[in-house]
Amino acid sequence: MKRVLITGAAGYIGSHTIVELVNAGYDVVGVDNFSNSSAKVLDGIEKIVGKRIDFVEVDCTDKEAFEKVFQKYPDIEAAIHFAAYKAVGESIDNPTMYYRNNISTLLNLVDLMVAKGKSANVVFSSSAIVYGQSNNLQMPIKESVPMGAAISPYGATKQMAEEILGHCVNAHNNLNVTILRYFNPIGAHPSAFIGELPKGVPSNLVPVMTETAAGKRECLSVFGNDYNTPDGSCIRDYIYVVDLAKAHVKAVERMFKDGVRWDVFNIGTGKGLSVLELINAFEKATGVKLNYKIAPRRPGDIVESCADANKANQILGWSADTPIEDVLLSAWKWQCSLDK
Ligand code: NAD
Ligand code: WQD
């Protein structure tokens with residue numbers, strides 16, 4: 001079976017993608033330096049797939065160490081690059097840490113994949129953040145929308161990465177790249193053996209919701225209800241992490257089958273939900289009342305971000321089908337498993 005390298009394998013999306021790749025019959029090898037995850041995640045993956053996946057603890061900024069992975073696994077035919085730092089606020093405080101890590105891991109991966117000589121297939125984790133923070137974007141957002149001004153180093157690393165990959169595909173005829181721009185990944189594997197393990201205090205809405213429901217937080221602050229939306233709260237496209245993981249399998253399969261050299265896909269549901277709608281859906285799905293209050297707007301938030309996912313639906317034959325109540329229930333089950 002073809003082997004796929006997963007960088008950032010112990011991370012939130014990487015771990016869920018490994019499960020779906022194994023389910024689809026691929027061999028995988030994961031790498032991670034556990035800078036934002038734990039080796040326990042590998043135990044969770046093993047419980048789900050019934051075997052220990054091949055894994056090497058390595059910092060992908062260390063090219064020599066990273067190269068040893070390719071020597072040990074010469075049958076790597078594709079790579080999915082998740083390894084990066086991803087906290088917008090942290091990136092504003094530590095720009096060089098973000099540029100160094102997120103760009104050098106990518107450059108090392110590209111060099112090592114191209115050096116294999118055979119066709120090198122790379123799927124890159126990008127983000128809706130590349131569209132910028134303008135409130136004038138037409139919704140839903142199509143892939144053809146040009147990148148917007150990045151207001152954070154994190155967002156800039158994603159934009160730069162896409163530019164770098166474009167130049168590298170032009171320079172190397174054995175390199176194929178598929179870019180997946182994720183909107184708002186949420187939820188956890190239904191087994192509750194893996195999920196989102198934010199180190200430190202999470203800032204994303206769903207982990208804050210589940211921690212509030214679990215009594216680990218006093219109250220959830222809804223950052224603004226005076227936006228120009230039906231209920232005044234911001235709208236986002238919340239994509240179930242397992243559906244997102246399956247999009248990566250589809251992207252790898254298409255590269256192996258069609259040898260497609262370059263493509264970009266928005267990975268979202270195509271349907272937006274407001275913060276208040278998500279809170280209502282959580283309470284309905286779990287039966288747990290959420291203690292929340294309306295708080296001032298959070299600087300940098302845009303009023304709406306929603307994917308036009310038609311291209312992924314039609315070309316990848318992929319769609320996000322999981323009902324939001326099931327997604328939120330998976331997040332709640334995961335939170336409860338953490339508190340055991
Ligand atoms: P995560 O932090 O859970 O996973 C990233 C993993 O990469 C972590 O396990 C971390 O230890 C590892 N890592 C970081 N730097 C490394 C290095 N130098 N060498 C080896 N391993 C390294 O994040 P995630 O939510 O799973 O995101 C995965 C990718 O998807 C990231 O590139 C992120 O920018 C992107 N993304 C995430 C979201 C989101 O909301 N979660 C949205 C859009 C895009
Ligand atoms: C969602 C909505 C908040 C917390 C971020 C990154 C983005 C990507 C996904 C990496 C917003 C509101 C939140 C809270 C709230 N990550 N909210 N109270 O900001 O859309 O996207 O994660 O690529 O780059 O920017 O996600 O979950 O932080 O916020 O009201 O305690 O929930 O205002 O409207 P966001 P989020």
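Indexing begins at 1, ligand by ligand and atom by atom, following the structure's order. In what follows, residues are counted from 1 in the order of the sequence shown.
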Is it true that, when you exclude [X] itself, more than 12 heavy atoms of the residues, nucleotides or ligands shown sit nearer than 6.0 Å to its [atom1]?
X      : atom1 : answer
Tyr292 : OH    : no
Lys284 : NZ    : no
Glu64  : CD    : no
Arg100 : CZ    : no
Asn228 : CG    : no

Which of the ligand 1 atoms, numbered from 1, are nearer than 4.0 Å to a heavy atom of [X]:
X      : result
Asp59  : 17 (C), 18 (N), 19 (N)
Phe34  : 11 (O)
Ser125 : 29 (C), 30 (O), 32 (O), 35 (C)
Gly8   : 6 (C), 7 (O), 12 (C)
Ala10  : 9 (O)
Ala84  : 5 (C), 7 (O), 14 (C), 15 (N), 32 (O)

Which option wins on minimum heavy-atom distance to [atom]: [options]?
atom                    : options                       : answer
atom 10 (C) of ligand 1 : Leu244, Asp32, Thr17          : Asp32
atom 14 (C) of ligand 1 : Ser37, Ser35, Ala9            : Ser35
atom 44 (C) of ligand 1 : Ser126, Gly11, Ala87          : Ser126
atom 32 (O) of ligand 1 : Glu196, Lys158, Glu57, Arg100 : Lys158

Exercise. Between Asp54 and Arg3, is the closest basic N to carboxylate O distance under 4.0 Å?
Worked result: yes
Exercise. Is Glu143 salt-bridged to Lys311, going by a charged N under 4.0 Å from an acidic O?
Worked result: no
[atom] [closest protein heavy-atom partner, distance rounded to 0.1 Å]:
atom                    : value
atom 29 (C) of ligand 1 : Phe82 O, 3.3 Å
atom 25 (O) of ligand 1 : Lys86 NZ, 2.8 Å
atom 15 (N) of ligand 1 : Asn101 ND2, 3.1 Å
atom 17 (C) of ligand 1 : Asn33 ND2, 3.4 Å
atom 26 (O) of ligand 1 : Ile13 N, 2.8 Å
atom 34 (O) of ligand 1 : Tyr154 OH, 2.6 Å
atom 2 (O) of ligand 1  : Asn36 ND2, 2.8 Å
atom 3 (O) of ligand 1  : Tyr12 N, 2.9 Å

Exercise. Given side chains that start at C-beta, do those of Val275 and Ile279 come closer than 4.5 Å, heavy atoms only?
Worked result: yes
Exercise. Side chains of Ser191 and Lys47: closer than 4.5 Å at any heavy-atom pair?
Worked result: no
For this session: Have a look at Met113 and tell me which of Val122, Val177, Asn108 forms a side chain to side chain contact (heavy atoms under 4.5 Å, CB included) with it.
Result: Val122
Problem set entry | Pair His16 and Phe82, ring centroids less than 6.0 Å apart | no
Pairs of nitrogen or oxygen atoms closer than 3.5 Å, one from [X] and one from ligand 1: do any exist?
X      : result
Cys60  : yes
Phe183 : no
Thr105 : no

For this session: Examine the side chains of Tyr12 and Asn204 and answer whether a donor and an acceptor come within less than 3.5 Å of each other.
Result: no
Problem set entry | Residues Tyr98 and Glu90: side-chain donor-acceptor under 3.5 angstrom | yes
Seminar exercise, completed: Chain-and-number sorted residues having a heavy-atom contact under 4.0 Å with ligand 2 are Val88, Ser127, Ile129, Tyr154, Asn184, Ser203, Asn204, Leu205, Val208, Leu220, Ser221, Val222, Phe223, Cys234, Arg236, Tyr238, Val275, Arg298, Asp301
Problem set entry | Atom pair CG/OG1 of Leu273 and Thr229 - distance to nearest 0.5 Å | 12.0 Å
Exercise. What's the spacing between Lys158 NZ and Ser125 OG if we round to 0.5 Å?
Worked result: 5.5 Å
For this session: Measure from the side-chain N and O atoms of Asn225 to the backbone N and O of Ser233, and report whether any donor-acceptor pair falls under 3.5 Å.
Result: no
Exercise. Mind checking whether Val58 has a heavy atom under 4.0 Å from ligand 1?
Worked result: yes
Exercise. With hydrophobic residues grouped by side-chain heavy-atom distances under 4.5 Å, do Val41 and Ile18 end up in a single group?
Worked result: yes
